[in-house]
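Numbering of ligands and ligand atoms starts at 1, following listing order.
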Amino acid sequence: MESTVPKWWKEATIYQIYPASFKDSNGDGLGDIPGIISKLDYLKALGVNVLWICPFYKSPQYDMGYDISDYQDVHAPYGTKADIDALISGVHERGMKVIFDLVVNHTSHEHAWFQESRSSKQSPKRDWYIWKPAKMVDGKRAPPNNWRSNFGGSVWQWDEHTQEYYLHYFAPQQPDLNWENPEVRKAVYATAVNYWLDKGVNGFRIDTVNMYSKWLDFPDADIVDPSTPWQPADKFYSNGPRLHEFLKEMHRECFGRYDVVSIGECPNTPNFHDVLPFVSTKEKELDMVIQFDLASMDHGGGELRLWHRDWSLRLFKAITEDAQKLAIPEHDGWCTTYLENHDQARSVSRFANDDPKYRVAGAKMLATYLLTLSGTPIIFQGEELGMVNMPPSWDVDKEYKDLNTIDYMVELRRMAGSDKGMLEKGIYGAQRTARDHGRTPIQWDDSSQAGFSTAKDTWMRVNDSYKEINAATEEKDANSVLAFYRQLLTLRQEYKELFIYGMFELHESEDDNTITYIKRNGDQNALVLLNFTNQDQSFVIPSTFKGQPELLLSNLPKAGKHVLRPYEARIYVNKGKRVVNGA
Ligand code: NOJ
């Protein structure tokens, strides 16, 4: 079966770079492409082998570059086209690969295609976007339906000039392309995809890949919040009737013609049976998808997208088990594993503990989870340093810059009214899970602005934690989170038959405090034990473990025999090639 056939992208560990916050080379307070190039040796030494570069394209930056006005040009403050060429060759010279972000569900409203489309109803490109006349309700103009956009308000924006609404699932500055039109698809393939693949880019992370096909009757969503006309419509955004047809075509016209990887972002698709058609080798659509079940476990679920919800380790395990099933031979697919990205808060603050007493152990414990599962792991910049959320003392209205958070605060204030308790709880949600937490500048050293920039002001404030948490300090410390990542990344390749290609076997699924699993391949097996609490937890070696357990790696010194200490992680193998103590 194909899924056990080795592929470079199965053996990849992806490192995600958010250009604005990675490294500023010219002192303007914003990260840039030369900044990324200056850190390629650091990334090579870390042991990752694929870099995913978030959008660097020309863009008015309403949504940090996920609103692209020219797929072949570069946002000037990030650099030039020559810088991008140098980045591609710099990555390749070091034996790594590079993938870009493909954002073609929507463009920027400043894209030439949209400018032309909105110029008149007769424009040859009118049909490149989704335009609808107003509905008249009680003699007043109203949008075609009641869907709420991902960033709040209606998904329909009124255009004064041509007297129609256009569709935008995200911000009004991100109009949705009309994938029904074959000319649009052709133009997308040529200008946004193959242009870069021809330049040697090794694939794409594909933004909101399951939103291309729309439910063209645009039915009203159920009213769950009568206080607003705009209702959550997540189930209508995704997986429309022609989606799989479009993805097969894109594979034929683009990805299938090169040895590249395609990783689709797939919101609102929790069930692995629904995911299989996207990633099953025989379907020829995508190589793997990014799902959201883990990432959305602790917040949202209604109008208030950052409202905090309690999460349980049982659910965490069930979600993990489900995703791992995609990679088993009979399903013939593949999956990704991630705990952070630019749309998520920092994992050590969310799923472990960022108290200085536990942070290092917690970050290493999560790293052990991330890097011992099958599927392709994605490390988000700064995760390898154990970077934490912004402190709760920071003013949400001043320091948080994301349009999603800003809109959430507007909604929260509207709904809370004079209810101070609700307002506080809502702010707590933002402090735990806002996208901003992953977007603060990378902490390179303990100099001013954490070595990210020489500017007096940076586009987002540097996290106060930089004196303790930074790459330079961690480089010198054999017990740092960074050092542990390097060890784990080496072991992942050394034991790839277990950690990459091994079958996942969950144990103790009902235990609320620890995660226990075996990775198995023939006679070889690895046992992974993870304590998610700040208390000691006892454990037993599962009876299905074959052979004598030998400790391969642990994140704490002098571990008790059958007790895991707070946030302890251990890996046992039955046929260890060597024993490493990460402490
Ligand atoms: C998903 C991206 O990851 C997110 O940052 C962006 O806001 C939306 N898609 C819209 O492109």
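Contacts of Met211 with ligand 1, taken as heavy-atom pairs under 4.0 Å, are absent altogether. Here His106 has side-chain heavy atoms under 4.0 Å from ligand 1, and that is the only part of it that gets that close.
In the vicinity of Arg435, heavy-atom distances shorter than 4.0 Å reach the ligand 1 atoms 4 (C), 5 (O), 6 (C), 7 (O).
Electrostatic pairing of Asp85 and Lys199 counts as a salt bridge here, judged by a charged N lying under 4.0 Å from a carboxylate O. A salt bridge does not link Asp67 with Lys58: every distance from a Lys NZ or Arg NE/NH1/NH2 to an Asp or Glu carboxylate oxygen is 4.0 Å or more. Classification of Asp176 and Lys214 as a salt-bridged pair holds, one side-chain N sitting under 4.0 Å from a carboxylate O. Under the 4.0 Å criterion applied to side-chain N and carboxylate O atoms, Arg461 and Asp436 are not assigned as salt-bridge partners.
The closest approach between Phe151 and ligand 1 falls below 4.0 Å for a heavy atom of the residue. Close to ligand 1: Arg205, with a non-hydrogen atom less than 4.0 angstrom away.
Counting heavy-atom neighbours within 6.0 Å of Lys425 NZ, excluding the residue itself, gives a total of 12 or less.
Side chains of Arg432 and Asn389: no donor on one and acceptor on the other come within 3.5 Å. A donor-acceptor contact under 3.5 angstrom links the side chains of Asp464 and Trp394, judged on distance only.
Given atom 1 (C) of ligand 1, the protein heavy atom at minimum distance is Asp207 OD1, 2.9 Å. Looking only at heavy atoms of the protein, atom 8 (C) of ligand 1 is closest to Phe170 CE2, 3.7 Å. Regarding atom 5 (O) of ligand 1, its nearest protein heavy-atom neighbour is Asp343 OD1, 2.7 Å. Here the heavy atom of the protein found nearest to atom 6 (C) of ligand 1 is Asp63 OD2, 3.2 Å.
Here's the thing with Thr208: none of its N/O atoms is less than 3.5 angstrom from an N/O atom of ligand 1.
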